[in-house]
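All heavy atoms count here, side chains included; hydrogens, waters and symmetry mates do not. The sequence lines fix the lettering, A, B, ..., with proteins before strands; numbering per chain opens at 1.
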There are 2 protein chains.
Amino acid sequence: MTSDDMPRTRAPRADVRRNRARLLAAAREMFLRDGAGASLEGVARLAGVGVGTLYRHFPTRQDLLEALLADAYDALAQRGRELLESPEPRRALLTWLDDFVAAVSEFRGTAPSVLVSLRGERCEAFRSCRAMREAGEALFARAQESGEAPAGVAFLDVLKLAGGIATAAEREPGAAGRLLSLAASGIAPGAASGGSGTAPGESGAAPGEHGTSPGGSGGAPNPFG
Amino acid sequence: MTSDDMPRTRAPRADVRRNRARLLAAAREMFLRDGAGASLEGVARLAGVGVGTLYRHFPTRQDLLEALLADAYDALAQRGRELLESPEPRRALLTWLDDFVAAVSEFRGTAPSVLVSLRGERCEAFRSCRAMREAGEALFARAQESGEAPAGVAFLDVLKLAGGIATAAEREPGAAGRLLSLAASGIAPGAASGGSGTAPGESGAAPGEHGTSPGGSGGAPNPFG
DNA sequence: ACCTGAACACCGTTCAAGT
DNA sequence: ACCTGAACACCGTTCAAGT
């Protein structure tokens, strides 16, 4: 495949790959504990690597975060394609949005970075981010076509709204589902709970195994309804 | 009124009041420029005061921010009471929410602090915050009673959702109105633009004079519809 | 080519000394 | 009683020296 006259991109040295992997693992651990603003020096220390190495691999905190987010984006893209098979367009969309919010909320303080990704600014995880967006967009389009989602709305705005919800629910695990339901039904009459806007939480079907929701929709009973 | 045997709360010295005022003015200026994470040392310097004085007046950054937010909360409470006179319950509610989002977005990165206020944790601006909440809640209740807002929804969740929207729209002035409309109509059929969910932006009537929206609903044409 | 870690810069926070 | 600002602590970032 690779033509001879193009600049040779050699396979990275083994220790480089290993360092990168260690840094990502350490970052994940630190971000889970301390949020997306965790000490980078601490990340390097935990990875057993000099700080310089961290900066060489990931020049900015955003780069590091996005490298982790890329996995989440990939999983969401996959999940979106699966949900496209499900028979209920609207429910599929809302379930996917619920997963999106859960993924964004994995580390505290991630939402702003995700919004940066969505805007496409300097996105280290550009491919993954776009794949995710397209998968979600397909679900949205299908719901629109069957008259179960508003026409004339940009899907990107739906994602931004979901990103905002992720921030708002950050320190309050139970809130994510409620706020998403509220946004889904609208601050509008006839909405209430249990209505057409409620899907998240009991997705039931489909496998997928997220594995890392920071507490899932969490034990506490729904405070309204 | 003040009984003689209660601990005397003397009126603060003139220079203390002046320092406080200077610090607040400086903080406002810095936060406008650099967001809610601006350098506190810079605030003290701009106020022409030692850092120690800043910390004496406002032990934490949250305290400083909330002292500024208190004004915004008071204005919103006032505005809410005015809007209660207006004849269209739903439109009044949405207009108020638009003002809320604008106020929260005045400085970048304020939304998390507002959400803390709403949760009532160590709220320096507790009275103002509660007054604002109650004013908003009255608008919401009226809209519910006339069947123009969902029953069984906690108003606090509506505010949290609006807080999330403020974050999501932070770096993108035009988005606030769009996202709020979207949340108001719901990610639901028959919503589209211009529908029953659209009020913000052209409130037209009522005075109130906010004065400090970071760009208002801003010149740019609405990207959808 | 990559890694290391000391060195530098910056900022938040405290507190002894001043008024 | 309040203010000041030097001193301390911590962390992000760079870069000369090593492998």
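- Out of D:dC2, D:dA6, D:dT14, the shortest distance to the side chain of A:V51 is found at D:dT14.
- The closest side-chain heavy-atom distance from B:F107 to B:D34 is not below 4.5 Å.
- An OP1 or OP2 oxygen of D:dC2 is reached within less than 4.0 angstrom by no side-chain nitrogen or oxygen of B:N19.
- Atom CD of B:E41 is separated from atom C1' of C:dA9 by 12 Å (rounded to the nearest Å).
- One atom, OH of B:Y55, and another, C1' of C:dC15, lie 13 Å apart when rounded to the nearest Å.
- For D:dC2, the OP1/OP2 oxygens have no side-chain nitrogen or oxygen of B:H57 closer than 4.0 Å.
- Candidate nucleotides C:dG12, D:dC2, C:dT4 were compared by shortest atom distance to the side chain of B:L40, and C:dG12 ranks first.
- Taking 4.5 Å as the limit, some side-chain heavy atom of A:L64 sits within range of a side-chain heavy atom of A:L40.
- As rounded to whole Å, 17 Å separates atom C1' of C:dT13 from atom CZ of B:F58.
- When atom types are taken as modelled, the side chain of A:R81 and the backbone of A:A135 share no donor-acceptor pair closer than 3.5 angstrom.
- Between B:D34 atom CG and C:dC10 atom P there is a gap of 15 Å when expressed in whole angstrom units.
- Side-chain atoms of A:S117 come within 3.5 Å of backbone atoms of A:S113 as a donor-acceptor pair (strictly under, hydrogens ignored).
- Taking atom CZ of B:R61 as the reference point, atom P of C:dC11 lies 11 Å away to the nearest angstrom.
- In this structure, CZ of B:R45 is placed 13 Å from C1' of C:dG12, rounded to the nearest angstrom.
- Comment: A:E172 engages A:R178 in a salt bridge, judged by a side-chain N to carboxylate O separation of less than 4.0 angstrom.
- One finds no side-chain N or O of A:S39 lying less than 4.0 angstrom from the OP1 or OP2 phosphate oxygen of D:dC10.
- Among D:dT14, C:dC2, D:dC2, the nucleotide with an atom closest to any side-chain atom of A:V16 is C:dC2.
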With Watson-Crick and G-U wobble geometry limited to distances under 3.5 Å, how should the secondary structure of DNA chain C be encoded in dot-bracket form, using | for bases paired to another strand and [ ] for crossing pairs? ||.|||||...|||||.||

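- One can place CG of A:D63 at 15 Å from P of D:dG12, the figure rounded to the nearest angstrom.
- Among the candidates B:D99, B:L69, B:D71, B:V104, the single residue satisfying the side-chain contact (heavy atoms from CB on, under 4.5 Å) test with B:L76 is B:D99.
- A heavy-atom distance below 4.5 Å is not found between the side chains of A:F58 and A:E66.
- When the P atom of C:dG12 is taken as reference, atom CD of B:Q62 falls 16 Å away, rounded to whole Å.
- Nucleic acid contact for A:V49: sugar-phosphate only, since backbone atoms but no base atoms lie under 4.0 Å from a heavy atom of the residue.
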